J.: 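To start, I am sharing the structure in question, which I have written as C-alpha cells.
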Amino acid sequence: MRRVLSAILLCGLLIGLSGCASLSGSYEKPQVNVTSFNLAPNTQGMAPRFDIGIQIINPNRVSLPFRGMTYAVEIEGYRILSGATPDIPTVPAYGQADFVIQASPDLLGSARLLGDLLSRQRNSLAYNFSARLDAGRLIPMINIEEAGQLQLMP
C-alpha cells in the first residue's frame, strides 16, 4: 500500500514539475500597447487624472491571469505619470484584453520637465512607458518598456 501511495505521489510530482518546465520553456512575453490617452472625466481636486487605454496580447497557449500592474510614463527622463492597479483582466491563450488604467501626474517631475522645455527649444521629446505585470507565482514578473520620440514640429 505504501509503495502504491509513493508511486502515485511521485507521478503527481513529476507531472507537476514537467508542467512547470513546459510552461517556462515555451513561454513568450506578452505585448503591451498603449491604445489611448485622455483626461479622466471625473477628475476632482488639484491634480488631474488620466485614463490610459492598454491592450495586452498573449502569444502563449495558456491564459495569463494577471494579479496587478505598476506603470510609469517618462518624458525626457522626467517621470510625469505613474500608477498601479490590481484590476487587470485574464488574457486568454492566443488572445488579447483591452482595459483602461488611471494614472496620476508627478507634479515635481512635470514642473522639472516644463522648466527644461522652457530653457531650450526642441523638435522632439523622448518618451518611455514602462510597466511591470504580475501574472502569479509560476511566471516571473513581466517587465515591459516602450520608448520613442514624440515629434513636436512636422
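This one's a predicted model, so the numbers in the text were calculated from it and none came from an experiment.
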J.: Can you tell me how far CG of Leu125 sits from CD of Gln149, rounded to the nearest 0.5 angstrom?
T.: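 Gln149 atom CD to Leu125 atom CG measures 8.0 Å (nearest 0.5 Å).
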J.: Find the distance between CG (Leu113) and CG (Leu118) and round it off to the nearest 0.5 Å.
T.: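 That separation rounds to 9.5 Å.
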J.: Please write out which residues are connected to Tyr94 in a hydrophobic cluster, directly or through intermediates, given that two of Ile, Leu, Val, Met, Phe, Trp, Tyr count as joined at side-chain heavy-atom separations below 4.5 angstrom.
T.: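 In the cluster with Tyr94 there is nothing else; it is isolated.
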J.: Kindly write out the residues that satisfy side-chain hydrogen bond (donor to acceptor under 3.5 Å, both in side chains) with Asp134, not counting sequence neighbours, or none if the list is empty.
T.: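 In terms of side-chain hydrogen bond (donor to acceptor under 3.5 Å, both in side chains), with neighbours along the sequence ignored, Asp134 is linked to no residue.
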J.: Should Tyr78 and Leu117 count as side-chain neighbours, where that means a heavy-atom distance under 4.5 Å?
T.: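 No, too far: nothing below the 4.5 Å cut-off.
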J.: When rounded to the nearest 0.5 angstrom, what distance separates CG in Asp51 from CZ in Phe99?
T.: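 Atom-to-atom, Asp51:CG and Phe99:CZ are 12.5 Å apart.
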J.: Taking the ring of Phe37 and the ring of Phe50, is the distance between their centroids below 6.0 Å?
T.: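 Yes: the rings meet the under 6.0 Å criterion.
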J.: For Ser110, check side-chain hydrogen bond (donor to acceptor under 3.5 Å, both in side chains) against everything at least two apart and list the hits.
T.: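 Not a single residue meets the side-chain hydrogen bond (donor to acceptor under 3.5 Å, both in side chains) criterion with Ser110.
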J.: At what distance, to the nearest 0.5 angstrom, does CG of Asp98 lie from CD1 of Ile56?
T.: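 Taking CG in Asp98 and CD1 in Ile56, the distance rounds to 9.5 Å.
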J.: Give a yes or no on whether the backbone of Gln102 and the side-chain of Tyr71 come within a donor-acceptor separation of less than 3.5 Å.
T.: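 Answer holds: yes.
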J.: Anything under 3.5 Å between a donor and an acceptor, one on a side chain of residues 57-67, the other on a protein residue two or more places apart or in another chain? List them.
T.:
{"residue": "Asn58", "atom": "OD1", "partner": "Asn60", "partner atom": "N", "Å": "2.9"}
{"residue": "Asn58", "atom": "OD1", "partner": "Asn60", "partner atom": "ND2", "Å": "2.9"}
{"residue": "Asn58", "atom": "ND2", "partner": "Val62", "partner atom": "O", "Å": "2.9"}
{"residue": "Asn58", "atom": "ND2", "partner": "Val91", "partner atom": "O", "Å": "3.4"}
{"residue": "Asn58", "atom": "ND2", "partner": "Pro92", "partner atom": "O", "Å": "3.2"}
{"residue": "Asn60", "atom": "OD1", "partner": "Glu28", "partner atom": "N", "Å": "2.6"}
{"residue": "Asn60", "atom": "ND2", "partner": "Glu28", "partner atom": "O", "Å": "2.7"}

J.: I'd like to know if Ile88 and Ile144 are part of one continuous hydrophobic network [Ile/Leu/Val/Met/Phe/Trp/Tyr, side-chain heavy atoms within less than 4.5 Å].
T.: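 Yes.
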J.: Would Arg120 and Asp116 pass as an ion pair if we require N to O under 4.0 Å?
T.: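 Salt bridge: yes.
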J.: Spell out, yes or no, whether Val32 and Val34 are grouped together once hydrophobic residues are joined by side-chain heavy atoms under 4.5 Å, including indirect joins.
T.: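 Both belong to a single hydrophobic cluster.
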J.: In Å, rounded to the nearest 0.5 Å, how long is the span from CD of Gln55 to CD of Gln31?
T.: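 Reported to 0.5 Å precision, the distance equals 7.5 Å.
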J.: Tell me, please, which residues at least two apart from Asn143 pass side-chain hydrogen bond (donor to acceptor under 3.5 Å, both in side chains).
T.: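 Asn143 satisfies side-chain hydrogen bond (donor to acceptor under 3.5 Å, both in side chains) with Arg132 only.
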J.: Rounded to the nearest 0.5 Å, how far does CG of Leu114 lie from CD1 of Ile75?
T.: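 Interatomic distance, Ile75 CD1 to Leu114 CG, rounded to 0.5 Å: 11.5 Å.
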J.: Show me, pair by pair, the donor-acceptor contacts under 3.5 angstrom made by side chains of residues 79-87, not counting sequence neighbours?
T.:
{"residue": "Thr85", "atom": "OG1", "partner": "Asp87", "partner atom": "N", "Å": "3.1"}

